[in-house]
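Please read the structure below before turning to the comments.
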Amino acid sequence: MADHKVSAVEKIEGVGKTAVGFVEAVGNGGILVAESVYWLMFGVRERQPVRIGAVVQQMMEIGINAIPIILMLTGTIGVMLAIQGIHTLRIFGAESRVTIGIAFSVVREFAPLITGILVAGRSGSALAARIGTMKINQEIDALKVMGINPTRFLVVPALVAMLIMVPALTLLGNFMGLFAAGLYVNADLGISLAAYAHDTIDILSLDDLGHGLGKSCIFAVLIAVIGVVNGAGVQGGAEGVGKATTRSVVQAISAIIVTDMLFAFVATR
Amino acid sequence: MRNPESIIEERKSRHRPQTGPNAVIEVEDLVTHYGERMILKGVSMNVLENEIMVIMGGSGSGKSTLLRHLMALEEKTSGTMRILGNDIDQIGRQEFLDVRKKLGVAFQSGALFSSMTVGENIMLPLYEHTDLDALTMEIMARMKLEVVELSGFENLMPSELSGGMIKRAAFARAIVMDPKVLFCDEPSAGLDPVVASALDDLILDMRDAMGMSIVVVTHELDSAFKIADRITILDRGEILMVGTVEEVLASKSERVHALLNRIPEEDTMDPDEYLNRLVGEDNPGTAHL
Ligand SMILES: Nc1ncnc2c1ncn2[C@@H]1O[C@H](COP(=O)(O)OP(=O)(O)OP(=O)(O)O)[C@@H](O)[C@H]1O
Ligand SMILES: [Mg+2]
């Protein structure tokens, strides 16, 4: 009996701690973003400018190296959407209208989502691992003692690179997804690529493009902040780094999907 | 331990410049916690200009923790701290950064940036805080590497160095900005005696030629007696004594002697308590099993 009571109390305590931890993590994330904006704006004045070289290096790592896999995945998704769309619309005998579904789905939903998830898995985790390792090796402390602000030196370049590269990759994913879907539509329904492209451009407005790219900017911030907060919170040795890395991927993907849903909800009101 | 007379003789034979009258670091009643656990229990000490202060004490006595606080890397629970005349609770962020630029540190583990070459590691503070051109920075980095006998290794990655080489590279990085105060956590642990002794000479040189104040944490008695102007002895988070080498050697305190002669602490625990501790204090009921 007594044991049960204790465990129930402990459970509630555990929930409380998790909730406090969550609020704390969100708070830390907010502070991190605010600090990053500060260094971007006033770094030069404080004689601690954000280094372009570091941003470019991160952009290569996050963006350029991810291009092949982004092309492959968004292409596959495009074909998948075409197959599914044609299959569904055939029920109503309206398969020639498939372009509308593909265009909206790719540009507003799938390209941003797939790109976000992929970058979270590739680069968000790498960021968490890098910062976590630097923390346990006292490299962060070394930076501090040298008078180099770790946020300015490590976080801002990664954040800026994410903010540039995630939308850029999303844009690329848009083209690839639409193009691959077009190839399938062409093969299955015999609609020419030119007609498909014409239709697509007709259907899509800048608004739709902006919707997808806007989301991807939010995803970029989420990935970077979640990676850094997890990395900076590493306790213990290499095992701690591993845990933080995994956690950062799970959290970032969850955050992306929830944000995406909220965005879709608000945008369709 | 070697006999005290020979240590004192040897020290007299070396020229020792006068330490300045001003403290570069002053700590008063420093109390710190890790979580619930109190680590430093009211530590007061200072480090003077142009002085080598050695911090000694048993493993886990709080030496590294004290060092981290002296560099203002850790939040303290209470107490006051002044670095280079600035009360760290009072100064603004910009002043704090300026103070930081006058400190250098070689951590216990080296803490070289693993994504940069050795040369880049050493150049980083110059790159971030000076307007020197690339060539000058490279020359300065090479000069510092030469000082620690690592010439020609500037293009290697830290992962390609041995433990002792990492420590020396970290030392080179710590001194590249000619700091006012240099902190070294166990600089010679794990080094072979020849290199360790060379590092001791280097620390003495830094004091004499550059006028640095240097705080060194070390376990090595020979090294401590060779370089120290004063020694702070920590014992379980409290200061056991602060004094010159001569004063430490002449100390009547049993704990000081035990530490110097590496005698393990006498076990004065009563058998019941000992049993309790083994079993775990949470389940005293099972102690009779
Ligand atoms: N990051 C940390 N989290 C929690 N406790 C810590 C942490 N670092 C140190 N401690 C605790 O603080 C106490 C003092 O540790 P510290 O590293 O200062 O000892 P030390 O004198 O440097 O020992 P050593 O000679 O082994 O390096 C120890 O009891 C240790 O368990
Ligand atoms: Mg230590």
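Chain letters run A, B, ... following the sequence lines, proteins first and then strands; every chain starts at 1. No hydrogens, no waters, no symmetry mates; every other heavy atom, side chains included, goes into these values.
- Proximity to chain A involves both the backbone and the side chain of S114(B), based on heavy atoms less than 4.5 angstrom apart.
- Atom CE of M146(A) and atom NE2 of H129(B) lie 8.0 Å apart (nearest 0.5 Å).
- We find the CD-CG distance between E74(B) and D141(A) to be 7.5 Å, quoted to the nearest 0.5 Å.
- Taking CG of L143(A) as the reference point, atom CZ of F113(B) lies at 3.5 Å (rounded to 0.5 Å).
- Contacts with chain A were tallied for M177(B), K101(B), E128(B); E128(B) has the most, counting heavy-atom pairs under 4.5 Å.
- For the atom pair CD1 of I148(A) and CG of L124(B), the computed distance is 4.0 Å after rounding to the nearest 0.5 Å.
- In this structure, no portion of R130(A) lies under 4.5 Å from any heavy atom of chain B.
- Contact between A142(A) and A111(B) at its shortest, heavy atoms only, is CB-O, 4.1 Å.
- No more than 12 heavy-atom neighbours from other residues, nucleotides or ligands sit within 6.0 angstrom of CZ on F175(A).
- Taking OG of S109(B) as the start and CD of E139(A) as the end, the distance is 8.5 Å to the nearest 0.5 Å.
- Around atom OH of Y127(B), no more than 12 heavy atoms belonging to other residues, nucleotides or ligands sit under 6.0 Å away.
- Side-chain contact between V145(A) and F183(B) is absent, with no heavy-atom pair separated by less than 4.5 Å.
- Within 6.0 Å of CD on E146(B) lie no more than 12 heavy atoms contributed by other residues, nucleotides or ligands.
- With a 4.5 Å cut-off on non-hydrogen atoms, Q94(B) touches chain A through its side chain but not through its backbone.
- Counting heavy-atom neighbours within 6.0 Å of D133(B) CG, excluding the residue itself, gives a total above 12.
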